Amino acid sequence: MRHARQSCTLCAPGISRCSCDTSACDVLEPSAGLLDDIEESMGRSWSSQATSTERMMGAVGDKRRTGTGDDPHDQDHQVTRDHDALHAIKLAFLHFSIWPLLSLLFAMFSRQLSRPLRAVPALRRTPAAAHSAVPRARTYASLPAGQNSKFVNIVEVGPRDGLQNEKFIIPPALKAELINRLGRAGLRTIEAGSFVSPEWVPQMAGTDEVLKLMEKHPDVHYPVLVPNMKGLDNLLALLGSNPPAEGQPPLTDEIAVFTAATDAFCKANTNCTIAESLARLEPVVQLALQKGLRVRGYVSVVVECPYTGKVDPKKVKEVTRALLDMGCYEVSLGDTTGAGTPWSIRTMLHTVMGGDGGVPPSKLAAHFHDTFGMGVVNVLTALSLGLRTVDTAVGGLGGCPYSPGATGNVATEDVLYMLQKSELEAPGDLEALAEIGDWISKELKRDNSSRTGKAIMGRKARERLEKERENDGGLAEQIASKL
Ligand SMILES: CC(C)(COP(=O)([O-])OP(=O)([O-])OC[C@H]1O[C@@H](n2cnc3c(N)ncnc32)[C@H](O)[C@@H]1OP(=O)([O-])[O-])[C@@H](O)C(=O)NCCC(=O)NCCSC(=O)C[C@@](C)(O)CC(=O)[O-]
């Protein structure tokens, strides 16, 4: 292909027709499109530089002309040779001047492009970075030996946490009956009451009577809450004056001590700060252990405090550690207000279980209230992170006197229904527990808060009706149709 500019050294790049008027210029074609584009993109400075350079080259070419100048063909050829030489120089110039410019352009474009490109990975990195700040979720494979267990312990807290918030004072005989029925339904840990100040929680007065009245199954634990040395003294006095008969279990073999993750809740609940409560509990735990009692710990408001709002999970970890260091065999983490969601529960558990001094899931229990209907999913979240002990209350009984508006614990029946439909196992006869939830709700003149319990009782009512119809041969319906 004939290149237009080969024939005219004086043509400024980009000029489509040359003023030298040679025949070659008649076929002047657009030069290589790429160069034109580059020229355009580089603007006038490049053009003027090229033009002045070419003018200089043209002057050199003029000096090199050797022909006579008489023969127009010689002149044409001489001009053509000069043009060729100059074109070579021009190409060389273009070659050496264009690449730095191309590089500069490329750098500019790539910088432009790299902004959004960099932004995307940056955005994509954010969640990963956020995750890396939180210890990774423990999988079953990473759990300590024994925690791959399929067995879930249920701690039934209905007779204590459930009943302590009722408006009416419940007679010890009714409390004992509730405990008896729960024991017969196959539950293995049943909180039986509290040795707290009756001024503070009148519903728990008479726990000593309850312990004496209730059936004691040898393989069942009946923990009682103890807030201070006075409470433990009262319990030890009771145990001392009621020694077990030969081969029989004691009235109880376990206490539970409790504190909180915020000073505000701790003060409202026990009239002291967290630090004061831990100092107060230390000798209580030591004496209880000396006396052969098992000691469980509670931390309240692990997600949200009714007085100060969102709770720092690091504080939950710190208080949990303190209770374990004291000698508690397990610490139950209380979402007292029931404000927790799977996300906040997971964040809290990651913090408690992760990092230096992380608490293994075998030392933790989930104690979740169902105020916002999150109880079962929160339990599932805790189970998925390796916890294997869950506190529940039959019929979803309860609340906390110092957490206004909080409703009961997640219902035993709801958790058991979920577990029995899973690969996990838990003790307890679901049908019997549904009956107990229905019975105690009626006794207390309150709604049954267990969805599973209500569903089972609804099914049982339908089955009873059908049986009655079968038994009377449809007599009731025949009479009804004749009326
Ligand atoms: C801790 C105290 C006693 C401090 O209460 P205080 O008023 O600071 O106690 P005090 O030491 O100043 O004593 C005042 C009076 O109370 C008596 N007293 C003192 N202690 C006892 C005792 N143990 N049993 C019986 N009486 C007691 C003591 O003898 C004295 O009587 P006085 O000399 O004036 O006649 C009080 O605040 C208290 O009993 N709080 C318990 C509150 C409670 O039971 N809350 C519910 C349980 S926690 C909960 O539900 C949360 C949980 C566990 O479920 C998890 C969750 O969901 O978050």
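Given the structure is predicted, the values throughout are model-derived calculations rather than measurements. Whatever order the structure lists ligands and atoms in, that order sets their numbers, starting from 1.
F195 does not carry R160 over the face of its six-membered ring by the limits of under 6.0 Å from the centre and within 45° of the normal.
Less than 4.0 angstrom separates some heavy atom of T270 from each of these atoms of ligand 1: 1 (C), 4 (C), 37 (O). Annotation for ligand 1: atoms under 4.0 Å from non-hydrogen atoms of H367 are 54 (O), 55 (C), 56 (C), 57 (O). Those atoms of ligand 1 with a heavy atom of G231 less than 4.0 angstrom away are 23 (N). Proximity to L225 (heavy-atom distance under 4.0 Å) selects the following atoms of ligand 1: 47 (C).
Q286 pairs by the side chain to side chain contact (heavy atoms under 4.5 Å, CB included) definition with E282, L289, not counting sequence neighbours. Qualifying side chain to side chain contact (heavy atoms under 4.5 Å, CB included) partners for A393, counting only residues two or more places apart in sequence or in other chains: E156, V157, L397, N409.
Inclusion of G334 in the set of residues having an N or O under 3.5 Å from an N or O of ligand 1 is not warranted. Of the N or O atoms in Y298, none lie within a sub-3.5 Å distance of an N or O in ligand 1.
In this structure, L323 and T320 have side chains that are not in contact, with every pair of non-hydrogen atoms separated by 4.5 Å or more. Here the side chains of L293 and L236 are in contact, with some heavy-atom distance below 4.5 Å. Between I154 and V415, the closest side-chain pair of non-hydrogen atoms falls below 4.5 Å.
For D438 and K442, the salt-bridge test passes: some basic side-chain N is under 4.0 Å from an acidic carboxylate O.
By the criterion of a heavy-atom distance under 4.0 Å, the side chain of H369, and not its backbone, is placed next to ligand 1. Under 4.0 Å from ligand 1, the heavy atoms of P227 that appear belong solely to its side chain. Residue contacts with ligand 1, taken as heavy atom pairs separated by less than 4.0 Å, involve N228 solely via side-chain atoms from C-beta onward. Counting heavy atoms under 4.0 Å from ligand 1, residue V196 touches it through both backbone and side chain. Of all the heavy atoms of N269, the ones lying under 4.0 Å from any atom of ligand 1 are found in both the backbone and the side chain. Only the side chain of R160 comes within 4.0 Å of ligand 1, judged by heavy-atom distances. Residue S332 does not touch ligand 1, judged by heavy-atom distances below 4.0 Å.
Contact annotation: Q164 has at least one heavy atom less than 4.0 Å from an atom of ligand 1. Ligand 1 has at least one atom lying under 4.0 Å from a heavy atom of R280.
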Verdict with supporting geometry, E330 and K363, side-chain contact (heavy atoms from CB on, under 4.5 Å): CA-CA 4 Å; E330 171 181 284; K363 297 274 176 198; 5.7 Å; no
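Interatomic distance, CG of L364 versus CG of L324, reported as 7.0 Å (0.5 Å rounding).
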